[in-house]
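One structure is given below, encoded as structure tokens.
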Amino acid sequence: TPPITTFVQQLFPHGVPQAQASNYSSADTAVLLTLLADSKQQDLHANILETLGYIGDETTVAPIVAYIQGGRGVISAAQFRAKSSGLLALGYILNRNPNSSALLYLTDSLDHQTWQARDIAWTTAFFPDLISRDVQLVRQAAVGMTLSGSPQAAAALKRKLSP
Amino acid sequence: NSMLDEMLKANQTINAHGLDNYQS
């Protein structure tokens, strides 16, 4: 098992391999959170968020939420990919911790009005307007809820997304 | 809403068999 910093520096075209990421533990999260706070390392951020998700430590929910919501102006493709991975990571953490606060955050995230209320100050070049950005964030939150395997998440998906 | 159905099915599979088995 390589050191965590070496692990997240690899290119994973099909996403971070869960089996390998699961070799790391809560002892490695401090290193990952430090790298996440460094915008010079933004190319690693998507790998870091996926790995944090697979580690599944409840204490990382708040920093992940802060990462998703933080930032200003037009962000890079790498940063947007990482924020999207953050919503999946919350689903993975919920998978490991049925009482995780990630459940409420992801449930709220299924309403695009919630994203408006969160006053997100970043946007990307991909989306023509903030509504398209928020619709994409809702979709990604729904995928996170799916991957959690949580029955409460399933109920929320049904309640919020049924036509 | 077939997308929602797909998501609910995947959620159930992961609930029953674990995320590890679902992904591998």
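Owing to the predicted nature of the structure, the values given are computational and were not obtained by experimental measurement. Worth knowing before you read on, the calculation uses all heavy atoms, side chains too, and leaves out hydrogens, waters and symmetry mates. Letters A, B, ... mirror the listed sequences (proteins, then strands); counts begin at 1.
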What residues of residues 124-131 of chain A make heavy-atom contacts with chain B at a cutoff under 4.5 angstrom?
none

Going through the checks in order, is the side-chain contact (heavy atoms from CB on, under 4.5 Å) test met by A:M145 and B:N11?
CA-CA 8 Å; A:M145 291 287 254; B:N11 174 286; 5.7 Å; no

Close side-chain approach of A:S148 and B:I14, heavy atoms under 4.5 Å
no

Decide yes or no for A:T146 and B:E6: does some side-chain heavy atom of the first lie under 4.5 Å from some side-chain heavy atom of the second?
no

In Å, rounded to the nearest 0.5 Å, how long is the span from CG of A:L157 to CG of B:D5?
11.5 Å

B:L8 and A:A154 have their tightest heavy-atom pair at CD2-O, 3.5 Å

What part of A:S162 gets within 4.5 angstrom of chain B, counting heavy atoms only: side chain, backbone, both, or neither?
both

Just do the side-chain contact (heavy atoms from CB on, under 4.5 Å) check on B:M7 and A:L161 with the steps written out, would you?
CA-CA 11 Å; B:M7 289 195 293; A:L161 302 184; 3.8 Å; yes

For the residue pair A:S150 and B:N15, establish whether any side-chain heavy-atom pair is separated by less than 4.5 Å.
no

Part of A:A142 lying under 4.5 Å from any heavy atom of chain B
both

Which heavy atom in B:D20 sits nearest to a heavy atom in A:Q18, and how many Å separate them?
CA-OE1, 3.4 Å

State whether the number of non-hydrogen atoms from other residues, nucleotides or ligands found under 6.0 Å of A:Q10 atom CD is greater than 12.
yes

